[in-house]
2 protein chains.
Amino acid sequence: MNRLKKYEFSADEIELADIAKALSHPARIKILKILSNKNVCMCGDIVELMPLAQATVSQHLKELKRVGLIQGEIEGPKVCYCLDNVKMEKAKESLMKMFKKVCC
Amino acid sequence: MNRLKKYEFSADEIELADIAKALSHPARIKILKILSNKNVCMCGDIVELMPLAQATVSQHLKELKRVGLIQGEIEGPKVCYCLDNVKMEKAKESLMKMFKKVCC
DNA sequence: ATCGTTCATCGTAAATATACGATAAGGAGG
DNA sequence: CCTCCTTATCGTATATTTACGATGAACGAT
């Protein structure tokens with residue numbers, strides 16, 4: 001954003017937009033799907049399933065962590081990522097509330 | 001995106017990410033809310049309720065139109081915007097499907 | 001026909017996002 | 001300690017987004 005105007009909006013609007021932003025790239029949708037297959041959680045395994053370089057996947061993981069949809073836990077030299085189901089539920093509820101208020 | 005990699009993902013992932021992108025700015029969330037108050041639909045009225053310049057609001061409206069969440073109908077010199085409830089419902093369902101598949 | 005109103009689009013500047021190679025940081029195992 | 005493996009971060013290039021003033025296009029009214 002050019003000159004930060006976000007403070008002109010309500011906290012709800014900003015929060016919801018932020019969640020949507022985290023979901024606004026197919027790579028991040030795919031990562032969430034991969035993590036929901038509880039068999040896979042190691043960062044390296046995720047990278048293998050993605051058509052992107054390791055550094056790029058790491059960036060997407062960081063964005064998902066930023067909004068709290070996933071967590072990363074260090075296991076020796078590896079990192080095990082998992083969904084934060086509480087946060088996911090909250091994100092779903094926020095989106096649903098908006099849709100209900102707005103139309104359906 | 002640097003080198004377009006989106007084709008590496010599934011149509012579902014791309015479509016969902018696209019919907020999320022449309023929702024990923026507080027201004028656009030606010031516009032949807034404003035339009036759900038059926039009293040307001042003229043572009044000018046929307047602009048007055050937004051903390052942004054007319055040109056910027058027009059850009060946000062265009063993005064919402066691009067994904068089909070709203071429609072614009074010319075009424076003389078003015079333009080009346082309204083939600084596309086069918087598309088909104090579809091967007092909600094797509095998001096819900098993802099959440100259900102992924103966690104909740 | 002001219003004028004004012006309304007809104008989209010153009011042009012542009014700055015911020016942010018996306019992507020990747022290279023490198024750093026940390027642990028495992030010799 | 002040294003090396004390998006794993007992952008985050010840095011540096012960087014490019015694309016996209018956001019924002020606004022200026023301009024253009026379309027219409028209604030005078």
Side-chain angles (χ1 to χ4, degrees), chain A residues 1-9 13-14 17-31 34-35 40-67 69-82, chain B residues 1-9 13-14 17-31 34-35 40-67 69-82:
Chain A
M1 218 160 304
N2 207 346
R3 296 170 230 179
L4 219 30
K5 285 252 171 176
K6 278 194 174 172
Y7 51 82
E8 308 267 10
F9 297 95
E13 284 154 5
I14 293 169
D18 205 40
I19 291 166
K21 187 158 76 67
L23 300 176
S24 72
H25 194 289
R28 293 195 288 267
I29 301 285
K30 182 164 178 154
I31 288 171
I34 289 171
L35 289 179
V40 178
C41 72
M42 294 305 174
C43 177
D45 298 338
I46 298 169
V47 170
E48 275 188 11
L49 294 170
M50 301 286 294
L52 296 170
Q54 179 266 324
T56 308
V57 173
S58 189
Q59 256 181 0
H60 285 303
L61 288 167
K62 190 178 177 183
E63 170 69 6
L64 289 170
K65 252 195 301 188
R66 184 186 64 79
V67 293
L69 293 178
I70 67 171
Q71 295 175 331
E73 197 181 324
I74 296 171
E75 288 195 6
K78 301 189 177 183
V79 176
C80 178
Y81 282 99
C82 61
Chain B
M1 222 158 302
N2 206 347
R3 296 169 228 178
L4 219 30
K5 284 250 170 177
K6 277 195 175 172
Y7 51 82
E8 307 268 10
F9 297 95
E13 285 155 1
I14 293 169
D18 205 40
I19 291 167
K21 187 158 77 67
L23 300 176
S24 73
H25 194 290
R28 294 195 287 269
I29 300 286
K30 182 165 179 153
I31 288 171
I34 289 171
L35 290 179
V40 177
C41 73
M42 293 308 174
C43 178
D45 299 337
I46 299 169
V47 171
E48 276 188 9
L49 294 170
M50 301 286 294
L52 296 170
Q54 180 266 323
T56 308
V57 173
S58 190
Q59 256 179 0
H60 285 303
L61 287 167
K62 191 178 178 184
E63 170 69 6
L64 288 170
K65 252 196 300 188
R66 184 186 65 79
V67 293
L69 293 179
I70 67 172
Q71 295 175 331
E73 198 180 325
I74 295 170
E75 288 196 6
K78 301 189 180 185
V79 176
C80 178
Y81 282 99
C82 61

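Every chain is numbered from 1 and lettered A, B, ... according to where its sequence line falls, protein lines coming before strand lines. Computed from heavy atoms alone, side chains included, the values below leave out hydrogens, waters and symmetry copies.
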| query | What residues form a side chain to side chain donor-acceptor pair (under 3.5 Å) with Glu75(B), not counting sequence neighbours? | reply | none

| query | How long is the line joining CD of Glu63(B) and C1' of dC7(C), in whole Å? | reply | 18 Å

| How many angstroms lie between atom CD1 of Ile70(A) and atom CD1 of Ile31(A), to the nearest 0.5 angstrom? | 6.5 Å

| field | Euclidean distance, atom CZ of residue Phe9(A) to atom C1' of dT18(D) [Å, nearest integer] | value | 11 Å

| Phosphate OP1/OP2 of dA17(C): any His60(A) side-chain N/O under 4.0 Å | no

| message | In this structure, how many angstroms lie between the C1' atom of dA25(D) and the CD1 atom of Ile74(B), rounded? | response | 10 Å

| task | List in chain and number order the residues that pass disulfide (SG to SG under 2.5 Å) with Cys82(A), two or more places apart in sequence or in another chain; answer none if no residue qualifies. | result | none

| note | Ile31(B) CD1 to dC7(C) C1', in whole Å, measures 14 Å

| said: Taking 4.0 Å as the cut-off, does a side-chain nitrogen or oxygen of Lys21(B) come that near to OP1 or OP2 on dA17(C)? | reply: no

Please output the side-chain donor-acceptor pairs of residues 42-63 of chain B that fall under 3.5 Å, not counting sequence neighbours, one pair per line with the distance.
unit_1, atom_1, unit_2, atom_2, d
His60(B), ND1, Arg28(B), NH1, 3.0
Glu63(B), OE1, Arg66(B), NE, 3.0
Glu63(B), OE2, Arg66(B), NH2, 2.9

| remark: Separation of dT17(D) atom C1' from His25(A) atom NE2, nearest Å, is 14 Å

| field | Nearest-Å distance for atom pair CE/P, residues Met50(B) and dT6(C) | value | 18 Å

Tabulate protein N/O versus nucleotide N/O from nucleotides 4-10 of chain D, keeping only pairs under 3.5 Å, one per line.
unit_1, atom_1, unit_2, atom_2, d
dT7(D), OP1, Cys43(A), N, 3.4
dT7(D), OP1, Val79(A), N, 3.1
dT7(D), OP2, Gly44(A), N, 2.7
dA8(D), OP1, Tyr81(A), OH, 2.1
dA8(D), OP2, Ser58(A), OG, 2.8
dA8(D), N7, Gln54(A), NE2, 2.9
dA8(D), N6, Gln54(A), OE1, 3.2

| said: Rounded to whole Å, how long is the line connecting atom CG of Leu23(B) with atom C1' of dT17(D)? | reply: 16 Å

| task | First locate atom CD of Glu13(A), then atom NE2 of His25(B), and finally report the distance between them rounded to the nearest 0.5 Å. | result | 11.0 Å

| Position toward the 5' end of DNA chain C (nearest nucleotide), Gly76(A) or Val57(B) | Val57(B)

| note | Between the CD1 atom in Ile14(A) and the CG atom in Asp18(A), the distance rounded to the nearest 0.5 Å is 9.0 Å

